[in-house]
Structures are given as structure tokens and as C-alpha cells.
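Order of listing sets the numbers, starting from 1, for every ligand and every atom in it. Numbers here are sequence positions counted from 1.
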Amino acid sequence: MKVLANDGLDKNAVERLEKDGIYVDTTHYEKDQLFNIIKDFDCLIVRSATKANKEFIDAAKGTKLKLIIRAGVGLDNIDVEYATNNGITVTNTPNSSSNSVAELVLGHMICLARYITISNITLREGKWNKKAYTGVELSGKTFGIIGFGRIGKALANKATALGMNVIFYDKYYKNDEKYEYLPFNEVLRRSDFISLHVPGIDKPLIGKNEFELMKDGVFLINAARGGVIDETALLNALNTDKVAGAGIDVFMEEPTPNAELCNHPKVSVTPHIGAATAEAQMRIGEEIIDIVMDFDSR
Ligand code: NAD
């Protein structure tokens, strides 16, 4: 079996697959080259950079490519339906990165609540803004989690350990033994902090109307997908003090051209690194070994 890991793969996973006789190429091929060489591979592994869209599937269909693995959760860079209809199986590694994403979200929350991000900027500029940086504690605050799947639940447990009162909204999952489900608008109204953990969707879940429902001085985190928040409405909410701080790991366009958002003093930004930890990448590698071995043994 020949595997192309076009966006890279944990080196332990590469070694393990090679030991079992599987050929692994970890070169990153750009579009034209990729379309040309994909016929030589049985399996393509991607992160978010490589797009396995209709055009790619058209180049790959009828060749030996039979498996696409998304090393991570979101499948929005793969046309799953079109691939499946053309005999290519698509799978992902959904369990590996939940803890890493939840920790990054908490990092953004603390950075915003205690002015850590902006202090790093102003202190380097020689400004001692001690009086301006009286923050708030997370403990005792209501934390609304929207999308209560793997990451949402992992985050709820960590936030509870910090003394936060977790409420949640999910479109499909409503009965939880430990945490209170509330309708979407109610979570927006009651929360001091809100974090989004839904899959990528076509239309923003949070726009002008939703900001109006939120408390003044709310903190908002998005480590789900860029399109989930309307960035223009977010900038307006930051500028009118509706939102006290926003932690953003994912953007409507990546790399983001939105300098106004990135440079905003009330924003903490990271370049889509939710799953970028040694541990998550190792676990993703282990999940991929199982998927490839299982496919190879069929
Ligand atoms: P999951 O499938 O376990 O959970 C998603 C939850 O959202 C489900 O419970 C589902 O019922 C709910 N949901 C779906 N549509 C909804 C809607 N419109 N409104 C409210 N709830 C809705 O997924 P997960 O593993 O928890 O991942 C969540 C998100 O995190 C995904 O968008 C994924 O792409 C993203 N993610 C980001 C990073 C990163 O690097 N920042 C890493 C991993 C995952």
C-alpha cells in the first residue's frame, strides 16, 4: 500500500507504517503536481491545507486512490459526498485533539480576562499599564458552550474544575447528566463567557442579532470554524464594548487577511493551532496507523 501524507504526519506513525511494509511519502505537493501524482497512491492523508474538493476527486477517480484520511476533525476541506460517490472512502480522527483544543480555549479565556495578551504587546512597547489592567476571574462566572460534542464536553469538565458554572446549547444533544441544556438564545443571554464548538456551517451562527442578545462585556471564543462567527459583526461588537474580549483560533479566510481583527486590543489570536500539540499529533498518528492497517488488511 502507498500512502501520501501531503500535510505531514507524526514521525512515529511514519516509522510504524514503514515497518509494516507501507510506503509513506510525506512530501507536500502543490495542486498541479498533486493532481498528477495522486494516481500512484492508495491513500491520501490531509490536515486542513490540502483541499480534496470536486476538482481533486475528478483527478483521482478511477485511479488506485481508495482512501482519504483527514488527520483531525473538520471535514470541510474534503467533498465527502462526491468522494464517496466515486468509490473513495473518507474518514477522520475525531478523538485525538479534543483535549488540546479545550486547553487552548481556556488559554484564550484567561489571557483575555486578565489582559495577558495586550500586556505582552504594551509592555514590550515600554508601557506600564498596571492601572488599566484590572481583570475578572473565571471562577463563579457562567460559561455557555455552544456545540456540546467531544470538545465541548472536555472543555466543560475543565471549566468546572476552575469554578465556572457551565450551561450548554446543542442542536441535537440535549440531555446531559452533569450540565444544564438551555435554548440557544438563553445561553447567549445568560453567559459571561461563550465558546463555540460546532462543525463548520454555511451561515454564521453568531451575527449582529445574536450579539444584541448577549450580556454587555461578554467574552467570546471561537476555536471551531471561521464561518461560525460573522467577523464584521464581531468587530462592531468589540468596538461598541458589547464584547469585552474575543479569542479567535479560526478565521473566515485562512491565513486571515483581517488585520483589523488581529490587531484589535481586545482580541487574542492564534493561527488555527487548536490541535497543534505533540500529544494530539501523536494520538492522531496512532489513530491513522489503525485506519491504514485495517484498510490494508481488507
Ligand atoms: P463533535 O462532532 O464531537 O461535536 C459537535 C457538536 O456540535 C455535536 O454535539 C453536534 O450535535 C453539535 N452541532 C452540530 N451543528 C450544530 C449547530 N448548528 N448548533 C449547535 N450545535 C450543533 O465535534 P468536536 O470534535 O467537538 O469538534 C467541534 C468543532 O471543533 C468542529 O468544528 C471542528 O472542526 C473544530 N476543531 C477545531 C480545531 C482547531 O484546531 N481549532 C481542532 C479540532 C476540531
Side-chain angles (χ1 to χ4, degrees), residues 7-8 10 46-52 69-78 80 90-109 144-159 166-188 191 194-207 209-210 213 220-230 246-256 268-285 287-288:
D7 299 327
D10 179 68
V46 299
R47 288 185 182 149
S48 49
T50 300
K51 312 285 174 228
I69 307 173
R70 163 72 166 97
V73 184
L75 289 163
D76 32 324
N77 55 326
I78 302 171
V80 179
V90 179
T91 183
N92 61 352
T93 60
N95 303 306
S96 306
S97 52
S98 310
N99 194 54
S100 295
V101 180
E103 287 187 5
L104 184 78
V105 170
L106 285 173
H108 277 298
M109 286 164 65
I145 299 179
I146 296 178
F148 213 62
R150 286 171 290 255
I151 298 171
K153 290 192 187 90
L155 180 60
N157 292 338
K158 291 177 197 301
V166 172
I167 54 176
F168 78 91
Y169 166 76
D170 191 289
K171 195 170 173 182
Y172 307 105
Y173 177 85
K174 301 193 190 301
N175 297 311
D176 190 84
E177 282 180 9
K178 272 161 77 184
Y179 299 105
E180 185 185 4
Y181 166 88
L182 286 169
F184 181 57
N185 287 352
E186 208 44 42
V187 171
L188 298 185
S191 300
I194 296 172
S195 190
L196 300 156
H197 299 286
V198 297
I201 39 182
D202 296 337
K203 193 174 155 285
L205 205 58
I206 305 290
N209 296 341
E210 288 71 30
L213 293 176
L220 180 67
I221 315 293
N222 184 14
R225 280 293 177 266
V228 171
I229 297 182
D230 178 334
I248 311 289
D249 185 50
V250 287
F251 298 84
M252 288 173 99
E253 191 184 329
E254 295 183 3
T256 178
S268 174
V269 279
T270 42
H272 200 152
I273 55 167
T277 63
E279 293 82 356
Q281 292 309 313
M282 196 188 70
R283 286 190 294 264
I284 286 172
E287 268 194 82
I288 284 176

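Among residues two or more places apart in sequence or in another chain, the salt bridge (charged side-chain N to carboxylate O under 4.0 Å, His left out) test is passed with Glu186 by Arg189, Arg190. For Asp7, the side chain to side chain contact (heavy atoms under 4.5 Å, CB included) partners two or more places apart in sequence, or in a different chain, are His28, Val46, Arg47, Ala49, Thr50. Glu287 pairs by the side chain to side chain contact (heavy atoms under 4.5 Å, CB included) definition with Thr93, Pro94, Asn95, Ser96, not counting sequence neighbours.
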List of N/O pairs, ligand 1 versus protein, all under 3.5 Å?
residue	atom	partner	partner atom	Å
ligand 1	2 (O)	Arg150	NH2	3.4
ligand 1	3 (O)	Arg150	N	2.9
ligand 1	3 (O)	Arg150	NE	3.3
ligand 1	3 (O)	Arg150	NH2	3.3
ligand 1	9 (O)	Asp170	OD2	2.6
ligand 1	11 (O)	Asp170	OD1	2.6
ligand 1	11 (O)	Asp170	OD2	3.4
ligand 1	21 (N)	Lys171	N	3.2
ligand 1	25 (O)	Arg150	NE	3.3
ligand 1	26 (O)	Arg150	N	3.3
ligand 1	26 (O)	Ile151	N	2.9
ligand 1	32 (O)	Val198	O	2.6
ligand 1	34 (O)	Arg225	NH1	3.3
ligand 1	34 (O)	Arg225	NH2	3.2
ligand 1	40 (O)	His272	NE2	3.4
ligand 1	40 (O)	Gly274	N	3.2
ligand 1	40 (O)	Ala275	N	3.4
ligand 1	41 (N)	Ala223	O	3.1
ligand 1	41 (N)	Asp249	OD2	2.8

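Evaluated for a side chain to side chain donor-acceptor pair (under 3.5 Å) with Asn99, the options Glu279, Arg283, Lys158 yield exactly one hit, Lys158. Applying the side-chain contact (heavy atoms from CB on, under 4.5 Å) test between Leu196 and each of Ile229, Ile221, Val250 identifies Ile229 as the sole match.
In the model, Thr270 has a side-chain atom that pairs as donor or acceptor with a side-chain atom of Asp249 under 3.5 Å.
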